[in-house]
Chemist: 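First the structure, then my questions, so here it is.
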Amino acid sequence: MDVALATAWLRAAAGAVIADTDELTKLDAAIGDGDHGVNMRRGFTAVAAVLDDTAFTGVGEVFVKVGGTLIAKVGGASGPLYGSAFRAFGKALPPGESAGLGDLVAALRAALEAVTRLGGATPGDKTLVDAFGPAVTAFEEAVIGGAGLPEAAAGAARAAGDGARATTALTARKGRASYLGERSAGHQDPGATSTWLIFQALADVTAP
Amino acid sequence: MDVALATAWLRAAAGAVIADTDELTKLDAAIGDGDHGVNMRRGFTAVAAVLDDTAFTGVGEVFVKVGGTLIAKVGGASGPLYGSAFRAFGKALPPGESAGLGDLVAALRAALEAVTRLGGATPGDKTLVDAFGPAVTAFEEAVIGGAGLPEAAAGAARAAGDGARATTALTARKGRASYLGERSAGHQDPGATSTWLIFQALADVTAP
Amino acid sequence: MKKFVNDPADVVAEALAGLAAAHPELRVDAVEQYVARADAPRPGKVALVSGGGSGHEPLHGGFVGAGMLDAACPGEVFTSPVPDQIVAATKAVDGGAGVVHVVKNYTGDVMNFRMAAELAADDGITVETVLVDDDVAVEDSTWTAGRRGTGATLLVEKIAGALAEEGGKLAEVAAIGREVNAASASFAYALTASTTPAAGRPGFDLPDDEIEAGVGIHGEPGRRREKIRPAKELVRSALDAILEAKPTAAGEQVIVLVNGLGATPLIELYLVYGEVATVLAERGIEISRRLVGNYVTSLDMAGLSITLTRVTAEMLRLWDAPVNTPGLRWGV
Amino acid sequence: MKKFVNDPADVVAEALAGLAAAHPELRVDAVEQYVARADAPRPGKVALVSGGGSGHEPLHGGFVGAGMLDAACPGEVFTSPVPDQIVAATKAVDGGAGVVHVVKNYTGDVMNFRMAAELAADDGITVETVLVDDDVAVEDSTWTAGRRGTGATLLVEKIAGALAEEGGKLAEVAAIGREVNAASASFAYALTASTTPAAGRPGFDLPDDEIEAGVGIHGEPGRRREKIRPAKELVRSALDAILEAKPTAAGEQVIVLVNGLGATPLIELYLVYGEVATVLAERGIEISRRLVGNYVTSLDMAGLSITLTRVTAEMLRLWDAPVNTPGLRWGV
Ligand SMILES: Nc1ncnc2c1ncn2[C@@H]1O[C@H](COP(=O)(O)OP(=O)(O)O)[C@@H](O)[C@H]1O
Ligand SMILES: Nc1ncnc2c1ncn2[C@@H]1O[C@H](COP(=O)(O)OP(=O)(O)O)[C@@H](O)[C@H]1O
Ligand SMILES: [Mg+2]
Ligand SMILES: [Mg+2]
Ligand SMILES: [Mg+2]
Ligand SMILES: [Mg+2]
């Protein structure tokens, strides 16, 4: 992955998140406070502007900058979580113009770790971790199995989607939805859904 | 009219007003503040209690007492208006157990005068005067024409009803409905409607 | 209907019981149904009594206390109080120097207070009445009951109350109350109707994109229905109506009241105040003081009113004087 | 959606502009988006900074001023502020004696304030964090994000703010804030959902005879849905939950906050206060002070919360100390 692909991914993610603002908001209204869509739109609108305005020399830089932008713009629970994830992802990449598949695997692990360290969620808590975790595992396994980036990204997106959909049945144990207790079951988690959108964007821009 | 008939009339009026609370409230909600039904119910509930608890020796006394009760219990615009009307009506009746048809005509005139003196409304202002005025005139004309109480009361009730219905077309110029300007047209006046109920009660209790 | 009530018929009495429990510095007469300062009557002090239908809280009961009202007579919801009640309150707070009745201009309020004033006069109490009629949405003509009393009531009660507190005479207190009223104009918008406990449903229906312009504080519809517009535009229209009714030159000083009608969040009221400040700055009108919040309400109506009062130095001084009531407090 | 706004995206910024125009005693930084006392930083004084999503006004911006907060960081509606904003406010009011962050226990608030505290520490500012988690509708277990911060935030900010004002040290101010939180419990009901400007429609639908019990202040549904019941019964259930969580013996003293969530008329809040007073009197619990009104709101939600704080003499003394903010004022 080079700077051009990184920015293409992030632009596609921004487009997807912004396009699905209302959907994300609706999911969050059901079991949260109805701002996830607007939070993500605000953050990714700023991300798109930053991508336009900045000349990057290293691929890691791109993600560090994007993470910082999300922390500074999103607020709520998702801002620090996504922001830290992207920062950790960027920091884990090697310096220079591009990163290899193995680097991406390591960076994804670092990002996931940042999220769980900060938010304390474990799988099954009905959070974005339930899409993020399976996506990282699927990506890693695909790479181990010899897949290229397009295939690994497609697998990650599929796993994220499955993970997001599977949150519907869960009872939340972290974040705002946990206040609803058992009433949180029956609704798909908004953060898991936006995580899916972000992995889907990577699959889209790398698809052959 | 003797004390027994007077109390019978007022009890019937109380019954009618209380039964139509919601209807009166609905009319007042359209062009006023939606309390006329509840105001009248509160007042006439107290009137019924007073009639139960008091031994009257003169017919005029009954109405003076009822008027005072309405003033003390109703509030709003209708309290002082109806209260003063009943007080003036009672005060205009001769002392003693009963009053004749001519006395009733004079007392009705006195009551109407009390209302117009206090409220300043003239016919066509879309107030209870638009039911009250025609009722008094019809009663008077019937008596002049040689009718007995049942017939005069029936005529008064008819005239009050016609007057009340005719307020629908009018634009209010007095009371709360006047704030709506031309938007007050198209709705029947609540006060005129309760006046009609009171005259109808007299027709009912005197009907042969 | 969903409200925090028991029997709808008991709302006013039970709310008064709560007021009494919450404010030991007030005396609530549950039988006669009035709220008075616990230290009333204060010999030699002109007393201020106001009242009107309930549902406008904190007006009037919440404005009883040092520097404002001596007593308030709450009627049933949106229904003016009755003469007996007003007489009882008037007698309870009369300190021998006369009583000022502050009356909002509604037919019912005017008639009931007039009867009470006559009864009080029979008992040797001199009553002066200050009529408040600041709502410029209603034309003041023989074709209406005259302008309604709305937001300016707070200013009249605060400023006249301050003069009474510092020893003003009956005629002076009434005079400044009338002056404040004459210098005030208000205009209101409603986004939704209010629901009285007795009626149990909203007074009128409003489509999701329409508002009522020129409403009062009794849940009645306004002068006209219009499409919702940005706050900026609504503020300009309201200020146009207000300034047309009470022309105010550049350099003149005003107190501004941006008043919520009950269900409008403070965040919107402050946004609107910002728009008011912008428009008045353009016109060179100086905002000397301001108040933003829910003060003269209409139960759970979503809406707001804007009141401008052109003030003299004396009015400003009295506005700044200490006041200690449940609904308005400063300087103490 | 009907609201007094212009572009929904600008609501918070425009409301802050209105707040700045209305209160010259506050300084609003429109770029960094915080509200501070105009006289901050005050050398040697421990500074209090709070913040959280907007839509809870007067909390927190309306509690900035002498005797309470030094600064508040409003986030977008119902969205916690971001670290940069909190750092900017923290730096702006730090008088060298350290800063207390008062943080309501929501995942987003906690994480953003934690990041800000770390950044501030890098700049040599000592930050103590007081977490508020008084809402007993949520169980405090590893199966939830812990109890939410609601009404008690006002008490923490008032009492800790008073101690800071009179010269309390960082550790002392933080300690009394934590003590107040530990002594507090709240429970809320919603009759309707709130509508954020961004969403434009209510967060959830409630049938005409149902309410949500155990709601927070972010428009989310509560712990359970139930049929509307008389106020008497709702108050008893709420107090049962509160007193079970924080057992309070006869003879103990409490401050009571009956807090409207936005669209509940004061007349209902007072009625409810009356019921609270009745129940506590039965149990022999003494109400030392009380506050009835809209203080910690959820936009236009019809609903209310009840907070009880068991108080020591020291807490009462600090509660009574002068406070001068847009939303709370006495003694000055
Ligand atoms: N502790 C946590 N760990 C991981 N993800 C979390 C945690 N808490 C919340 N989230 C995610 O954040 C999402 C909500 O984000 P958002 O609505 O933007 O923030 P907020 O909850 O502050 O309003 C949830 O759907 C969930 O996926
Ligand atoms: N000036 C007036 N003269 C005669 N009747 C009036 C006058 N003003 C109001 N009314 C009558 O009073 C009725 C309203 O009574 P009610 O609703 O009980 O009082 P309020 O208007 O104070 O709420 C109106 O429908 C009208 O018939
Ligand atoms: Mg959310
Ligand atoms: Mg009426
Ligand atoms: Mg009325
Ligand atoms: Mg949020």
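All chains are named by letter (A, B, ...) in the order of the sequence lines, taking the proteins before the strands, and each is independently numbered beginning at 1. What's counted below: heavy atoms across the whole structure, side chains too, no hydrogens, waters or symmetry copies.
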Chemist: Under the side-chain hydrogen bond (donor to acceptor under 3.5 Å, both in side chains) test against C/Asn181, which residue among C/Thr153, C/Asn105, C/Asp133 passes?
Modeler: C/Asp133
Chemist: In terms of heavy-atom pairs under 4.5 Å with chain B, which of C/Pro83, C/Ala199, C/Gly75, C/Ser194 leads?
Modeler: C/Pro83
Chemist: Donor-acceptor pair, C/Asn112 side chain versus C/Asp109 backbone, under 3.5 Å?
Modeler: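 Such a contact is absent between C/Asn112 side chain and C/Asp109 backbone.
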Chemist: Is it the side chain or the backbone of C/Asp84 that comes within 4.5 Å of chain B heavy atoms, both, or neither?
Modeler: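 Only the side chain of C/Asp84 comes within 4.5 Å of chain B.
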Chemist: For B/Phe199 and B/Phe139, I'd like to know if the aromatic rings sit close, meaning centre-to-centre distance below 6.0 Å.
Modeler: no
Chemist: Could you label the plane-to-plane angle of the C/Phe78 and C/His56 rings as parallel, tilted or perpendicular, counting under 30° as parallel and over 60° as perpendicular?
Modeler: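 C/Phe78 vs C/His56 ring planes: parallel.
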Chemist: Counting N and O atoms only, with roles assigned by atom type, does the side chain of B/Thr54 sit under 3.5 Å from a partner on the main chain of B/Phe56, one being a donor and the other an acceptor?
Modeler: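 No, because the side chain of B/Thr54 does not come within donor-acceptor range (under 3.5 Å) of the backbone of B/Phe56.
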Chemist: Is a side-chain donor-acceptor pair under 3.5 Å present for B/Ser184 with B/Tyr179?
Modeler: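 No donor-acceptor contact under 3.5 Å links the two side chains.
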Chemist: I'd like to know if the side chain of B/Trp9 reaches the main chain of B/Ile198, judged simply by a donor and an acceptor atom lying under 3.5 Å from each other, with no hydrogens or angles considered.
Modeler: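 Yes, the answer is positive, given that a donor and an acceptor are paired below the 3.5 Å cut-off.
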Chemist: Tell me, side chain or backbone of B/Ser84 under 4.5 Å from chain C's heavy atoms, or both, or neither?
Modeler: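 Only the side chain of B/Ser84 comes within 4.5 Å of chain C.
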Chemist: Using a 4.5 angstrom heavy-atom cutoff, name the option from B/Lys26, B/Lys73, B/Arg176 with the most pairs to chain C.
Modeler: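 The answer is B/Arg176.
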Chemist: Heavy-atom pairs under 4.5 Å with chain C: which of B/Gly79, B/Gly175, B/Gly76 has the most?
Modeler: B/Gly76
Chemist: Below 4.5 Å from any heavy atom of chain B, which atoms of C/Arg225 appear? Answer side chain, backbone, both or neither.
Modeler: both
Chemist: Using heavy-atom distances under 4.5 Å, tell me whether B/Ala121 contacts chain C through its side chain, its backbone, both, or neither.
Modeler: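 Nothing of B/Ala121, per the 4.5 Å heavy-atom cut-off to chain C.
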Chemist: Is C/Pro221 in contact with chain B via its backbone, its side chain, both, or neither, using a 4.5 Å heavy-atom distance?
Modeler: both
Chemist: Need one label for C/Gln33: side chain, backbone, both or neither, based on atoms under 4.5 Å from any heavy atom in chain B.
Modeler: neither
Chemist: Check this for me: C/Lys3, atom NZ, are more than 12 non-hydrogen atoms of other residues, nucleotides or ligands nearer than 6.0 Å?
Modeler: yes
Chemist: Using non-hydrogen atoms only, which part of C/Val77 is less than 4.5 Å away from chain B: side chain, backbone, both, or neither?
Modeler: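 For C/Val77, the backbone is the part near chain B, not the side chain.
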Chemist: Kindly check if the number of other-residue, nucleotide or ligand heavy atoms within 6.0 Å of CZ (B/Arg87) is above 12?
Modeler: no
Chemist: If you tally heavy-atom pairs under 4.5 Å against chain C, which of B/Leu118, B/Thr25, B/Leu81 wins?
Modeler: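 Looking at each option in turn, the highest pair count goes to B/Leu118.
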Chemist: In terms of heavy-atom proximity below 4.5 Å to chain C, should B/Ala177 be classed as side chain, backbone, both, or neither?
Modeler: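 No part of it gets close to chain C.
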Chemist: Quick one: which of B/Val38, B/Thr171, B/Ile71, B/Val74 has the most heavy-atom pairs under 4.5 Å with chain C, could you say?
Modeler: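 Among the listed options, the one with the most contacts to chain C is B/Ile71.
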Chemist: Angle between ring planes, B/Tyr82 versus B/His36, binned at 30° and 60°: parallel, tilted or perpendicular?
Modeler: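 Ring orientation, 0 to 90° scale: parallel.
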Chemist: Which of the residues C/Glu76, C/Met115, C/Arg148 is involved in the greatest number of heavy-atom pairs with chain B at under 4.5 angstrom?
Modeler: C/Arg148
Chemist: Heavy-atom distance under 4.5 Å to chain B: side chain of C/Phe204, backbone, both or neither?
Modeler: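 Contact with chain B: none, neither part.
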